[in-house]
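Sequence lines set the chain letters: A, B, ... in the order given, protein chains first and strands last, and positions in each chain run from 1. As a basis for the values below, the full set of heavy atoms in this structure was taken, side chains included, without hydrogen atoms, waters or symmetry mates.
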Protein chains: 2
Amino acid sequence: MNQTTPIRPDYEGELRKAGVRITRPRKVILSILADAGDHPDALEIFKRAVEIDSGISLSTVYRTMKLLEGVGAIHRHAFEGGPSRFEPAGVEHHDHLIDLDTGDVIEFHSERIEELQQEIARELGYDIVHHRLELYGRRRRGKVSRGG
Amino acid sequence: MNQTTPIRPDYEGELRKAGVRITRPRKVILSILADAGDHPDALEIFKRAVEIDSGISLSTVYRTMKLLEGVGAIHRHAFEGGPSRFEPAGVEHHDHLIDLDTGDVIEFHSERIEELQQEIARELGYDIVHHRLELYGRRRRGKVSRGG
DNA sequence: ATGCAATTGCAAATCGTTTGCAACTGAAGT
DNA sequence: ACTTCAGTTGCAAACGATTTGCAATTGCAT
(Lines give C-alpha, C1' and ligand atoms only; values in the text may rest on other atoms or scores of the structure.)
Protein backbone atom coordinates (compact mmCIF):
# COMPACT_ATOMS: atom_id res chain seq x y z
CA MET A 1 0.00 0.00 0.00
CA ASN A 2 2.83 2.35 -0.71
CA GLN A 3 1.88 3.30 -4.21
CA THR A 4 1.13 6.84 -5.27
CA THR A 5 -2.55 6.89 -4.64
CA PRO A 6 -4.09 9.78 -6.55
CA ILE A 7 -6.05 10.93 -3.55
CA ARG A 8 -9.15 12.85 -4.51
CA PRO A 9 -8.16 16.05 -2.82
CA ASP A 10 -10.33 17.34 -0.03
CA TYR A 11 -10.24 20.99 -0.99
CA GLU A 12 -13.22 21.89 1.15
CA GLY A 13 -11.50 20.45 4.14
CA GLU A 14 -8.27 22.26 3.38
CA LEU A 15 -10.08 25.52 2.96
CA ARG A 16 -12.21 25.13 6.06
CA LYS A 17 -9.09 24.36 7.99
CA ALA A 18 -7.61 27.56 6.62
CA GLY A 19 -10.65 29.40 7.90
CA VAL A 20 -12.32 30.32 4.65
CA ARG A 21 -15.97 29.93 3.80
CA ILE A 22 -17.26 27.24 1.54
CA THR A 23 -19.47 29.22 -0.76
CA ARG A 24 -21.57 28.10 -3.69
CA PRO A 25 -19.13 29.26 -6.38
CA ARG A 26 -16.22 27.79 -4.50
CA LYS A 27 -17.96 24.44 -4.27
CA VAL A 28 -18.39 24.45 -8.01
CA ILE A 29 -14.81 25.40 -8.74
CA LEU A 30 -13.53 22.88 -6.23
CA SER A 31 -15.49 20.08 -7.78
CA ILE A 32 -14.13 20.97 -11.18
CA LEU A 33 -10.61 20.89 -9.87
CA ALA A 34 -11.16 17.58 -8.17
CA ASP A 35 -12.37 16.08 -11.42
CA ALA A 36 -9.85 17.69 -13.74
CA GLY A 37 -7.39 15.20 -15.08
CA ASP A 38 -5.67 17.90 -17.11
CA HIS A 39 -4.02 21.21 -16.32
CA PRO A 40 -6.72 23.79 -17.02
CA ASP A 41 -6.17 27.51 -16.98
CA ALA A 42 -8.43 30.00 -15.23
CA LEU A 43 -10.59 30.62 -18.28
CA GLU A 44 -11.07 26.92 -18.86
CA ILE A 45 -12.06 26.41 -15.25
CA PHE A 46 -14.42 29.34 -15.58
CA LYS A 47 -16.07 27.81 -18.65
CA ARG A 48 -16.55 24.50 -16.92
CA ALA A 49 -17.89 26.28 -13.87
CA VAL A 50 -20.42 28.29 -15.84
CA GLU A 51 -21.94 25.08 -17.14
CA ILE A 52 -22.72 24.09 -13.59
CA ASP A 53 -23.62 27.49 -12.23
CA SER A 54 -24.01 30.26 -14.77
CA GLY A 55 -23.64 32.93 -12.12
CA ILE A 56 -19.98 32.40 -11.46
CA SER A 57 -17.54 35.11 -12.42
CA LEU A 58 -14.06 34.82 -13.76
CA SER A 59 -12.81 36.99 -10.92
CA THR A 60 -14.00 34.43 -8.45
CA VAL A 61 -12.18 31.73 -10.31
CA TYR A 62 -8.99 33.73 -10.12
CA ARG A 63 -9.58 34.53 -6.48
CA THR A 64 -10.24 30.94 -5.62
CA MET A 65 -7.17 29.75 -7.46
CA LYS A 66 -5.05 32.21 -5.58
CA LEU A 67 -6.63 31.09 -2.37
CA LEU A 68 -5.98 27.43 -3.06
CA GLU A 69 -2.47 28.23 -4.12
CA GLY A 70 -1.91 30.12 -0.89
CA VAL A 71 -3.19 27.20 1.12
CA GLY A 72 -0.92 24.94 -0.87
CA ALA A 73 -3.76 22.91 -2.30
CA ILE A 74 -2.86 23.52 -5.91
CA HIS A 75 0.16 24.41 -7.98
CA ARG A 76 0.28 27.14 -10.57
CA HIS A 77 2.35 26.63 -13.68
CA ALA A 78 3.17 29.45 -16.04
CA PHE A 79 4.16 27.52 -19.12
CA GLU A 80 5.60 29.42 -22.03
CA GLY A 81 3.29 31.63 -23.96
CA GLY A 82 0.00 30.83 -22.34
CA PRO A 83 -1.85 31.73 -19.17
CA SER A 84 -1.21 30.02 -15.84
CA ARG A 85 -2.45 26.48 -15.58
CA PHE A 86 -3.31 24.64 -12.42
CA GLU A 87 -3.10 21.21 -10.95
CA PRO A 88 -3.86 19.61 -7.58
CA ALA A 89 -0.93 19.69 -5.22
CA GLY A 90 -1.70 16.30 -3.76
CA VAL A 91 0.57 14.34 -6.05
CA GLU A 92 4.26 13.72 -5.76
CA HIS A 93 6.54 16.42 -7.03
CA HIS A 94 7.14 16.19 -10.74
CA ASP A 95 8.24 18.22 -13.72
CA HIS A 96 6.49 18.73 -17.02
CA LEU A 97 6.82 17.92 -20.65
CA ILE A 98 4.60 20.14 -22.74
CA ASP A 99 3.42 18.93 -26.12
CA LEU A 100 3.94 21.94 -28.36
CA ASP A 101 1.30 20.78 -30.82
CA THR A 102 -1.52 19.91 -28.48
CA GLY A 103 -0.68 21.75 -25.29
CA ASP A 104 -0.92 18.46 -23.45
CA VAL A 105 1.08 18.24 -20.29
CA ILE A 106 2.92 15.07 -19.37
CA GLU A 107 4.34 14.66 -15.94
CA PHE A 108 7.64 13.06 -15.17
CA HIS A 109 10.08 12.83 -12.36
CA SER A 110 13.79 12.20 -12.16
CA GLU A 111 15.37 11.81 -8.78
CA ARG A 112 18.74 11.98 -10.46
CA ILE A 113 17.99 15.39 -11.93
CA GLU A 114 16.75 16.62 -8.59
CA GLU A 115 20.00 15.53 -7.00
CA LEU A 116 22.07 17.21 -9.66
CA GLN A 117 20.15 20.42 -9.18
CA GLN A 118 20.84 20.35 -5.47
CA GLU A 119 24.47 19.69 -6.14
CA ILE A 120 24.73 22.57 -8.58
CA ALA A 121 22.99 25.00 -6.28
CA ARG A 122 25.20 23.98 -3.38
CA GLU A 123 28.32 24.54 -5.44
CA LEU A 124 27.10 27.98 -6.34
CA GLY A 125 26.42 28.72 -2.70
CA TYR A 126 22.66 28.62 -2.90
CA ASP A 127 19.75 26.83 -1.33
CA ILE A 128 17.01 25.96 -3.79
CA VAL A 129 13.61 27.26 -2.75
CA HIS A 130 11.92 25.75 -5.75
CA HIS A 131 12.66 25.04 -9.34
CA ARG A 132 11.05 24.78 -12.70
CA LEU A 133 11.95 22.20 -15.27
CA GLU A 134 9.91 22.12 -18.41
CA LEU A 135 10.57 20.22 -21.59
CA TYR A 136 8.85 21.53 -24.68
CA GLY A 137 8.64 18.97 -27.40
CA ARG A 138 6.84 17.18 -30.16
CA ARG A 139 5.75 13.61 -30.35
CA ARG A 140 8.34 11.57 -32.16
CA ARG A 141 7.03 10.38 -35.51
CA GLY A 142 7.18 6.77 -36.60
CA LYS A 143 7.92 3.70 -34.48
CA VAL A 144 5.75 2.93 -31.56
CA SER A 145 3.09 5.40 -30.62
CA ARG A 146 1.41 5.45 -27.28
CA GLY A 147 -1.96 6.09 -28.83
CA GLY A 148 -3.75 9.35 -28.35
CA MET B 1 42.32 28.57 -25.49
CA ASN B 2 39.23 26.55 -25.18
CA GLN B 3 37.54 28.66 -22.60
CA THR B 4 34.13 30.21 -23.06
CA THR B 5 35.17 33.41 -24.74
CA PRO B 6 32.36 35.93 -24.29
CA ILE B 7 32.41 37.06 -27.89
CA ARG B 8 31.17 40.62 -28.21
CA PRO B 9 28.18 39.84 -30.44
CA ASP B 10 28.01 41.49 -33.83
CA TYR B 11 24.33 42.33 -33.73
CA GLU B 12 24.53 44.82 -36.56
CA GLY B 13 26.03 42.20 -38.77
CA GLU B 14 23.41 39.65 -37.81
CA LEU B 15 20.65 42.08 -38.50
CA ARG B 16 22.04 43.30 -41.81
CA LYS B 17 22.39 39.71 -42.86
CA ALA B 18 18.76 39.24 -41.96
CA GLY B 19 17.90 42.18 -44.14
CA VAL B 20 16.84 44.69 -41.55
CA ARG B 21 17.90 48.31 -41.40
CA ILE B 22 20.39 49.57 -38.90
CA THR B 23 18.62 52.62 -37.59
CA ARG B 24 19.68 55.08 -34.95
CA PRO B 25 17.52 53.63 -32.16
CA ARG B 26 18.56 50.13 -33.07
CA LYS B 27 22.21 51.09 -32.89
CA VAL B 28 21.65 52.38 -29.38
CA ILE B 29 19.75 49.32 -28.21
CA LEU B 30 22.29 47.02 -29.80
CA SER B 31 25.16 48.72 -28.06
CA ILE B 32 23.38 48.40 -24.75
CA LEU B 33 22.85 44.71 -25.29
CA ALA B 34 26.43 44.20 -26.29
CA ASP B 35 27.60 45.85 -23.08
CA ALA B 36 25.06 44.31 -20.75
CA GLY B 37 26.61 41.81 -18.44
CA ASP B 38 23.30 41.16 -16.77
CA HIS B 39 19.87 40.03 -17.96
CA PRO B 40 17.92 43.27 -18.37
CA ASP B 41 14.23 43.45 -19.16
CA ALA B 42 12.71 45.69 -21.81
CA LEU B 43 12.09 48.57 -19.47
CA GLU B 44 15.62 48.45 -18.16
CA ILE B 45 16.99 48.45 -21.69
CA PHE B 46 14.70 51.34 -22.47
CA LYS B 47 16.00 53.33 -19.53
CA ARG B 48 19.58 52.74 -20.51
CA ALA B 49 18.75 53.66 -24.08
CA VAL B 50 17.09 56.91 -23.14
CA GLU B 51 20.27 58.04 -21.47
CA ILE B 52 22.05 57.75 -24.78
CA ASP B 53 19.25 58.95 -27.03
CA SER B 54 16.27 60.45 -25.30
CA GLY B 55 14.08 60.01 -28.33
CA ILE B 56 13.84 56.26 -28.16
CA SER B 57 10.49 54.70 -27.37
CA LEU B 58 9.68 51.64 -25.36
CA SER B 59 7.82 50.22 -28.33
CA THR B 60 10.98 50.27 -30.34
CA VAL B 61 12.81 48.44 -27.62
CA TYR B 62 10.14 45.75 -27.65
CA ARG B 63 10.16 45.60 -31.42
CA THR B 64 13.91 45.33 -31.55
CA MET B 65 13.99 42.61 -28.95
CA LYS B 66 11.46 40.62 -30.90
CA LEU B 67 13.49 41.15 -34.01
CA LEU B 68 16.71 40.01 -32.41
CA GLU B 69 14.94 37.06 -30.91
CA GLY B 70 13.57 36.11 -34.29
CA VAL B 71 17.01 36.30 -35.83
CA GLY B 72 18.31 34.20 -32.98
CA ALA B 73 20.67 36.87 -31.73
CA ILE B 74 19.24 36.98 -28.23
CA HIS B 75 17.32 34.74 -25.89
CA ARG B 76 14.22 35.75 -23.99
CA HIS B 77 13.69 34.39 -20.50
CA ALA B 78 10.38 34.69 -18.73
CA PHE B 79 11.44 34.09 -15.17
CA GLU B 80 8.77 33.76 -12.54
CA GLY B 81 6.86 36.83 -11.61
CA GLY B 82 8.66 39.45 -13.61
CA PRO B 83 8.81 40.67 -17.18
CA SER B 84 10.90 38.94 -19.85
CA ARG B 85 14.60 39.39 -19.55
CA PHE B 86 17.12 39.11 -22.33
CA GLU B 87 20.62 37.92 -22.93
CA PRO B 88 22.92 37.56 -25.94
CA ALA B 89 22.57 34.23 -27.67
CA GLY B 90 26.25 33.97 -28.44
CA VAL B 91 27.18 31.99 -25.38
CA GLU B 92 26.97 28.27 -24.82
CA HIS B 93 23.62 26.92 -23.78
CA HIS B 94 23.04 27.13 -20.08
CA ASP B 95 20.31 27.16 -17.49
CA HIS B 96 19.65 29.69 -14.76
CA LEU B 97 19.70 30.04 -11.04
CA ILE B 98 17.71 33.07 -9.95
CA ASP B 99 18.53 34.74 -6.67
CA LEU B 100 15.15 35.35 -5.11
CA ASP B 101 16.45 38.18 -2.97
CA THR B 102 18.35 40.17 -5.54
CA GLY B 103 16.97 39.01 -8.85
CA ASP B 104 20.50 38.17 -9.92
CA VAL B 105 20.80 35.48 -12.52
CA ILE B 106 23.56 32.93 -12.33
CA GLU B 107 24.23 30.70 -15.28
CA PHE B 108 25.13 27.08 -15.03
CA HIS B 109 25.28 24.06 -17.22
CA SER B 110 25.05 20.35 -16.58
CA GLU B 111 25.66 18.01 -19.44
CA ARG B 112 24.39 15.22 -17.25
CA ILE B 113 21.05 16.91 -16.77
CA GLU B 114 20.78 17.58 -20.48
CA GLU B 115 21.34 13.90 -21.15
CA LEU B 116 18.76 12.86 -18.61
CA GLN B 117 16.23 15.19 -20.15
CA GLN B 118 16.81 13.68 -23.55
CA GLU B 119 16.47 10.24 -22.09
CA ILE B 120 13.21 11.10 -20.38
CA ALA B 121 11.73 12.71 -23.46
CA ARG B 122 12.69 9.75 -25.58
CA GLU B 123 11.06 7.34 -23.18
CA LEU B 124 7.90 9.39 -23.34
CA GLY B 125 8.01 9.36 -27.11
CA TYR B 126 8.97 12.97 -27.58
CA ASP B 127 11.66 15.05 -29.19
CA ILE B 128 12.68 18.05 -27.15
CA VAL B 129 12.43 21.31 -29.03
CA HIS B 130 13.72 23.31 -26.13
CA HIS B 131 13.58 23.28 -22.40
CA ARG B 132 13.58 25.52 -19.42
CA LEU B 133 15.37 24.74 -16.22
CA GLU B 134 15.35 27.39 -13.57
CA LEU B 135 16.43 27.12 -9.98
CA TYR B 136 15.03 29.72 -7.63
CA GLY B 137 17.04 30.06 -4.48
CA ARG B 138 18.68 32.05 -1.79
CA ARG B 139 22.31 32.46 -1.02
CA ARG B 140 23.33 30.01 1.67
CA ARG B 141 24.20 31.81 4.86
CA GLY B 142 27.46 31.23 6.67
CA LYS B 143 30.54 29.37 5.52
CA VAL B 144 32.35 30.59 2.46
CA SER B 145 30.84 33.38 0.46
CA ARG B 146 31.85 34.21 -3.07
CA GLY B 147 31.68 37.92 -2.38
CA GLY B 148 29.12 40.00 -4.08
C1' DA C 1 20.14 63.83 -54.28
C1' DT C 2 15.80 60.87 -54.79
C1' DG C 3 12.27 57.55 -53.64
C1' DC C 4 10.00 54.32 -51.19
C1' DA C 5 9.56 50.60 -48.13
C1' DA C 6 11.10 49.89 -43.53
C1' DT C 7 10.97 51.96 -39.21
C1' DT C 8 9.63 55.15 -35.77
C1' DG C 9 6.95 57.39 -31.71
C1' DC C 10 2.71 57.82 -29.93
C1' DA C 11 -1.54 56.43 -28.26
C1' DA C 12 -4.73 53.03 -28.10
C1' DA C 13 -5.51 48.10 -27.90
C1' DT C 14 -4.54 43.60 -26.13
C1' DC C 15 -4.08 39.72 -22.79
C1' DG C 16 -4.04 37.71 -18.37
C1' DT C 17 -4.89 38.98 -13.96
C1' DT C 18 -6.08 41.90 -9.95
C1' DT C 19 -8.86 45.09 -7.39
C1' DG C 20 -12.49 48.67 -5.51
C1' DC C 21 -16.92 48.63 -4.25
C1' DA C 22 -21.67 47.93 -3.14
C1' DA C 23 -24.64 44.03 -2.76
C1' DC C 24 -24.94 39.47 -1.01
C1' DT C 25 -24.44 35.27 1.94
C1' DG C 26 -22.20 31.64 4.89
C1' DA C 27 -22.02 30.09 9.44
C1' DA C 28 -21.96 31.19 14.22
C1' DG C 29 -24.88 32.60 17.75
C1' DT C 30 -29.72 33.16 19.50
C1' DA D 1 -35.68 29.58 12.25
C1' DC D 2 -33.74 34.54 12.62
C1' DT D 3 -30.24 37.82 13.12
C1' DT D 4 -25.80 39.34 12.43
C1' DC D 5 -21.69 40.74 10.11
C1' DA D 6 -17.28 39.72 8.26
C1' DG D 7 -16.13 37.05 4.33
C1' DT D 8 -17.36 36.72 -0.40
C1' DT D 9 -19.37 37.88 -4.71
C1' DG D 10 -20.07 40.00 -9.56
C1' DC D 11 -19.14 43.77 -12.04
C1' DA D 12 -16.41 47.06 -14.12
C1' DA D 13 -12.43 49.45 -14.00
C1' DA D 14 -7.41 49.19 -13.24
C1' DC D 15 -3.37 46.81 -13.90
C1' DG D 16 1.46 45.51 -15.97
C1' DA D 17 3.64 43.71 -19.85
C1' DT D 18 3.52 43.72 -24.47
C1' DT D 19 1.65 44.58 -29.15
C1' DT D 20 -0.27 47.26 -32.79
C1' DG D 21 -2.45 51.01 -36.09
C1' DC D 22 -1.14 54.95 -38.07
C1' DA D 23 0.86 59.00 -39.87
C1' DA D 24 5.36 60.94 -39.92
C1' DT D 25 10.17 59.87 -40.49
C1' DT D 26 14.42 57.80 -42.26
C1' DG D 27 17.78 54.19 -43.94
C1' DC D 28 19.83 52.88 -47.92
C1' DA D 29 19.77 51.33 -52.72
C1' DT D 30 19.62 53.90 -56.82
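A heavy atom lying under 4.0 Å from DNA chain D marks the following residues of residues 52-65 of chain A, by number: A:Gly55, A:Ile56, A:Ser57, A:Ser59, A:Thr60, A:Arg63.
Residue A:Leu30 contributes atom CG, which lies 11 Å from atom P of D:dT9 at whole-angstrom precision. When the P atom of D:dG27 is taken as reference, atom CZ of B:Arg24 falls 9 Å away, rounded to whole Å. Going from atom CD of B:Glu44 over to atom C1' of D:dA17 covers 16 Å, rounded to whole Å. D:dA17 atom C1' lies 10 Å from atom CG of B:Leu43, rounded to whole Å.
Scored by the side chain to side chain donor-acceptor pair (under 3.5 Å) test, B:Ser59 finds no partners at all (sequence neighbours excluded). Every side chain to side chain contact (heavy atoms under 4.5 Å, CB included) that B:Ala89 has, sequence neighbours left out, goes to B:His75. Partners of B:His39 according to the ring-ring contact (aromatic ring centres under 6.0 Å, His included) rule, which considers only residues two or more places apart in sequence or in another chain, are B:His96. Every residue two or more places apart in sequence or in another chain was checked for a salt bridge (Lys or Arg N to Asp or Glu O under 4.0 Å) with B:Arg122, and none qualifies. Judged as a salt bridge (Lys or Arg N to Asp or Glu O under 4.0 Å), and not counting sequence neighbours, B:Glu107 has no contacts. Take B:His109 and apply the ring-ring contact (aromatic ring centres under 6.0 Å, His included) test, not counting sequence neighbours, and it matches B:His93. For A:Phe46, the ring-ring contact (aromatic ring centres under 6.0 Å, His included) test picks out no residue, with sequence neighbours left out.
Side-chain contact between B:Ile32 and B:Ile52 is present, with at least one heavy-atom pair separated by less than 4.5 Å. Between B:Gln117 and A:Leu133, the closest side-chain pair of non-hydrogen atoms falls below 4.5 Å.
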Salt bridge (charged side-chain N to carboxylate O under 4.0 Å, His left out) assessment of A:Glu115 paired with A:Arg112 = CA-CA 5 Å; A:Glu115 290 167 9; A:Arg112 191 76 194 89; 2.9 Å; yes
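When the C1' atoms of four end pairs are superposed on the next four at each end of the helix from C:dA1-D:dT30 to C:dT30-D:dA1, using five pairs per end, the two resulting axes differ in direction by 30°, to 10°.
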Let me have the donor-acceptor pairs involving side chains of residues 21-29 of chain A, under 3.5 Å, with sequence neighbours excluded, atom names and distances please.
{"residue": "A:Thr23", "atom": "OG1", "partner": "A:Arg26", "partner atom": "N", "Å": "3.3"}
{"residue": "A:Arg24", "atom": "NH1", "partner": "A:Asp53", "partner atom": "OD2", "Å": "2.9"}
{"residue": "A:Arg26", "atom": "NH1", "partner": "A:Arg21", "partner atom": "O", "Å": "2.8"}

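Nucleotides of DNA chain D nearest to A:Pro25 and B:Gly82 differ in position, and the one nearer the 5' end is that of A:Pro25.
OP1 or OP2 of D:dT18 sits under 4.0 Å from a side-chain N or O of B:Ser84. The phosphate of D:dT18 (OP1 or OP2) has no side-chain N or O of B:Lys66 nearer than 4.0 angstrom.
Nucleotides of DNA chain C lying under 4.0 Å from heavy atoms of chain A occupy a range whose first and last members, 5' to 3', are C:dG16 to C:dA27.
Between A:His130 and B:Glu80, the side chains place a donor N or O and an acceptor N or O closer than 3.5 Å (distance only, hydrogens not considered).
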Would you list the protein and nucleotides 28-30 of chain D atom pairs, both N or O, that sit under 3.5 Å from each other?
{"residue": "D:dC28", "atom": "OP1", "partner": "B:Ile22", "partner atom": "N", "Å": "2.8"}

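Heavy-atom contacts from other residues, nucleotides or ligands closer than 6.0 Å to CD of A:Glu111 number more than 12.
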